[in-house]
Amino acid sequence: MSKTIVLFGRLMRHILRSPDTIITVLLMPIAFMLLFVYVFGGALKGSLPAGTTYVNYLLPGILLIAIASGISYTAFRLFTDVQNGLFTRFNSMPISRSAMLWAHVLTSLVSNMISVVIIIAIALLMGFRSSASFLNWLAVIGILALFTLTLTWIAVIPGITAKSIDGASAFSYPIIFLPFLSSAFIPTATMPKVLRIFAENQPVTSIANTIRALLNSQPAGSSIWVALAWCVGIMIVAYLFAMRAYRAKI
Amino acid sequence: MADKALEVQGLRKSFKDQEVLRGVDFEVGRGEIFALLGSNGAGKTTTINILATLLKADGGTAIVNGFDVASAPEKVRESISLTGQFAAVDDILTGRENLILIARLRNVSAPAQVADDLLARFGLAGAANKRAGAYSGGMKRRLDIAMSLVGAPAVIFLDEPTTGLDPEGRLEVWKTVRTLADGGTTILLTTQYLDEAEQLADRVAILHGGVIIANGTLDELKKLLPPAKVEYVEKQPTLEDVFLAITDDKGSGTLSCVHDKVPDPLSSVGSLLREGSDPDE
């Protein structure tokens with residue numbers, strides 16, 4: 001465990017020393033938030049439930065996009081370690097073989113939570129307000145952490161097996177795109193039927209709806225269980241594949 | 001048995017239908033420098049990876065520092081250090097931070113002190129706080145080897161330590177390896193360069209076709225050849241001699257003695273390493 005912390009410290013130092021990765025991760029979701037709120041926000045207002053400001057409606061989707069783009073750096077960092085031999089070096093040392101993998105997972109979790117906090121702070125400046133109780137906030141953080149972990153275990157697979165840097169991070173593009181085909185930016189009611197069926201039944205919709213309900217102190221209903229089921233289900237499958245890839249590598 | 005650092009018997013390994021190792025046997029005594037010589041694809045790296053517990057053998061036994069790689073891999077990992085074919089350093093961390101990281105992972109007490117000692121010993125003190133990504137190939141390799149020394153493991157594996165280095169970098173590494181052996185560390189190194197094995201190793205084994213086809217001291221191996229004839233040939237400088245002579249900007253003049261005469265390794269090692277043959281300085 002202490003070895004995991006040492007390796008975690010190393011990876012966090014990487015993040016602090018490459019501010020470009022922080023900026024890249026944050027820039028896109030923040031740009032989307034500005035674009036949607038100030039450019040499209042006025043026109044979209046009519047489709048929103050009464051009394052909802054667009055920044056309040058939008059924030060959960062922006063947070064999910066930020067995590068999805070942050071996760072590509074998890075794959076990138078793991079890929080770099082495999083590529084430059086540090087992976088092999090650590091595996092030939094008297095430390096637990098899972099320590100390195102867990103250090104990457106922990107780094108992914110912490111760095112994405114930092115982006116989440118920064119984006120929420122910017123949303124507050126843009127007029128985001130929440131009536132959520134402390135418990136609701138805890139639940140929101142829990143769901144975002146679970147979502148991060150799920151995507152992290154997906155990211156581990158290309159991180160270990162990819163042949164090139166592009167291959168290691170390309171997996172995240174469809175995930176970043178997924179919130180656009182969901183209720184994250186606009187209610188699904190006006191979408192064409194096929195798209196609507198997809199949007200209403202893909203994981204991001206239930207996750208975004210749950211977070212939005214929690215932040216606005218509304219009952220989340222069944223969407224919270226659907227969201228949890230999606231996250232846990234995908235995480236278990238991704239974890240099994242990731243561990244298989246990991247064991248094949250050592 | 002206790003005087004053996006490595007005992008390898010009947011080691012076999014196949015990848016898919018390709019049989020890479022077909023019964024490899026050799027032993028290495030404590031404090032010896034042992035060179036495993038072979039062409040590309042001969043199975044040198046496979047052998048090292050099995051000894052370093054990164055790969056499982058299909059058959060045979062390998063005992064490292066008294067521990068079986070199959071039944072006590074953790075004990076083996078405490079006894080060894082692996083320096084792979086490419087310098088495995090963290091480019092984002094400084095040289096010093098790289099060493100401290102390894103010291104922490106090996107539970108060495110006073111990691112910072114250990115790091116500073118090694119930096120001084122490997123002529124990297126001047127570049128200690130520079131990111132390893134900015135190091136030259138030779139410096140990276142020296143840092144890489146220094147990282148392998150943290151915690152003073154009993155056995156060090158060096159897999160093609162000079163592949164991809166320029167001639168100067170190669171000499172730096174050679175000097176480093178000789179210094180290590182003086183400290184009593186057992187070294188198994190692989191190489192495809194004959195002169196490297198000749199320069200460094202106490203004993204040489206030739207791995208070919210998945211088996212060891214020759215094993216002995218340099219003198220023993222030379223006896224395998226027909227007796228030497230005496231011929232008089234004018235000694236022409238090699239291109240390497242020329243390159244080193246005209247690029248030697250340190251004014252130490254010690255570099256030129258490498259080829260035809262082997263100097264007492266210690267005399268040149270100490271001075272050159274401490275001089276800091278750091279091209280960036």
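Treat the numbers as computed from the prediction; the structure is a model and nothing was measured. Naming convention: chains lettered A, B, ... in sequence-line order (proteins, then strands); numbering from 1 in each chain.
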* **Approximate separation, where rounding is to 0.5 Å, of A:Thr88 OG1 and B:Phe86 CZ** => 11.0 Å
* **Within 6.0 angstrom of A:Phe241 CZ, more than 12 heavy atoms from elsewhere** => no
* Which of residues 59-78 of chain B have a heavy atom under 4.5 Å from any heavy atom of chain A? -> B:Arg77, B:Glu78
* Asked: Is there a side-chain contact between A:Phe90 and B:Ile102 (heavy atoms, below 4.5 Å)?
  -> yes
* Contacting region of B:Asp144 [heavy-atom separation from chain A under 4.5 Å] -> both
* If you tally heavy-atom pairs under 4.5 Å against chain B, which of A:Arg13, A:Arg17, A:Lys3 wins? -> A:Arg17
* Does CZ belonging to B:Phe15 count more than 12 external heavy atoms closer than 6.0 Å? -> yes
* Between B:Ala52 and A:Ser92, what is the shortest heavy-atom contact and its length? -> O-CB, 4.1 Å
* Structure fact -> Heaviest contributor of heavy-atom pairs below 4.5 Å to chain A, chosen from B:Gln85, B:Arg131, B:Arg104, is B:Arg131
* Crowded around A:Phe177 CZ? As in, over 12 foreign heavy atoms under 6.0 Å? -> no
* Can you see which heavy atom on B:Leu54 is nearest to which on A:Asn91, and at what distance? => CD2-CB, 3.7 Å
* Structure fact -> Ranking B:Asn49, B:Asn107, B:Thr83 by heavy-atom pairs under 4.5 Å to chain A gives rank one to B:Asn107
* Asked: Please walk me through it: do A:Arg89 and B:Ser148 pass side-chain hydrogen bond (donor to acceptor under 3.5 Å, both in side chains)?
  -> CA-CA 9 Å; A:Arg89 161 159 248 143; B:Ser148 291; 2.8 Å; yes
* Any idea which heavy atoms bring A:Ile95 and B:Leu105 closest together, and the distance? -> CG2-O, 3.5 Å
* To do: Would you name the heavy atoms of A:Arg10 and B:Asp90 that are closest together and state the gap between them?
  => NE-OD2, 2.6 Å
